[in-house]
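Single-structure report; data block below.
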Amino acid sequence: MEQVYGESEDRAAVERHLARCRACADGFAELQRDLAALDRIEAPSREARYGECVWAAIAPLLPVYEIKKHRWWSSGLVKGLSYAAVCSLLLCSAFYAGRTWERKSQPPVAHLQAPPAGPKQPIVVVVLDDHLDRSERFLVELKHADLDPSAMATPMGDEARSLLAANRVCRKNAAQTDDPELNTALDHLDHLLAIAANQPDGLNAQTISRLQKEMNRDGVLFEVRVLRSRISHRPGTKNDPAKGGTV
């Protein structure tokens, strides 16, 4: 169609193709014959007053709208000022009522007592939950680590040293509680992190294979996940149902 109407970007290339391809040449010739056989309808010419005649024909069918006169007291400015005055009055009334209630309900200074210090347990729980979350992500990465002999997992060694230091603190706090499940899991995790942290050249394939065997033997990843599921729902954690956390 572009070739017929002279809109082809490369007419010479199309003509060369038609000269070589008999099927395309026959189709192009048939298309030209079909288009030549179409009756062409010429658009009628318009008079000089065509627009005026159209408007005169449709004007009686259009409704007539009355132009309303705007008065200054019904304008939006006056309404806005009225609303502002009402809001200011309500704010002043609320402020005065609040100050009056505060003076009446405030107890004497001599009767005020400092609130008792809150328990430290939620803080410890939050720290332990964060540590277990990091440890779980480290163990999952270690489980799926590449065993290529040329691969050196230096970032994992740095993370292991950081987790080992945090695990020592959590073990010290856990030793003061009667929770054998928690103490056992932290001991297994400490043994694994110590191996990973004490590799000066990073974690090579041999060390990663050893750590994966240690994980499977002690079930460290499973223990950490069980503890996370249990501890993350204690009061003070991010999944505490009382704070709208995940249940």
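To the nearest 0.5 Å, atom CG of residue Asp34 and atom CG of residue Leu31 are 6.5 Å apart. If you take CZ on Arg168 and NZ on Lys172, they are separated by 13.0 Å, rounding to the nearest 0.5 Å. Between Leu182 atom CG and Cys170 atom SG the span is 8.5 Å, to the nearest 0.5 Å. For the atom pair Arg171 CZ and Leu189 CG, the distance stands at 9.5 Å (nearest 0.5 Å). Here the OG atom belonging to Ser135 is positioned 12.0 Å from the CG atom belonging to Leu142, to the nearest 0.5 angstrom.
Between Arg161 and Ala197, the shortest heavy-atom contact is NH1-O, 3.0 Å. Nearest heavy-atom pair across Ala25 and Leu18 is CB-O, 3.4 Å. Closest of all the heavy-atom pairs between Ser162 and Arg134 is OG-NH2, 3.0 Å. Nearest heavy-atom pair, Glu159 versus Phe138, reported as atom, atom and distance to 0.1 Å: CG-CD1, 3.8 Å. Contact between Ala160 and Ala196 at its shortest, heavy atoms only, is CB-CB, 3.6 Å. Taking each heavy atom of Val226 and Glu181 in turn, the nearest pair found is CG1-OE2, 3.4 Å.
Exactly one of Val140, Leu132, Leu139 qualifies for a side-chain contact (heavy atoms from CB on, under 4.5 Å) with Arg225. That residue is Val140. Each of Glu136, His188, His131 was scored for a side-chain contact (heavy atoms from CB on, under 4.5 Å) with Val224, with one residue passing: Glu136.
Listed for the Asn167 side chain is a donor-acceptor partner under 3.5 Å among the backbone atoms of Leu186. Distance alone, capped at 3.5 Å, places no donor-acceptor pair between the Glu214 side chain and the Arg210 backbone.
Arg228 has its side chain within reach of Asp129: a pair of non-hydrogen atoms, C-beta onward, lies under 4.5 Å apart. When side chains are defined from C-beta on, Leu211 does not count as touching Met156, because their heavy atoms never get closer than 4.5 Å.
Between Asp187 and Thr184, the side chains place no donor N or O within less than 3.5 Å of an acceptor N or O (distance only, hydrogens not considered).
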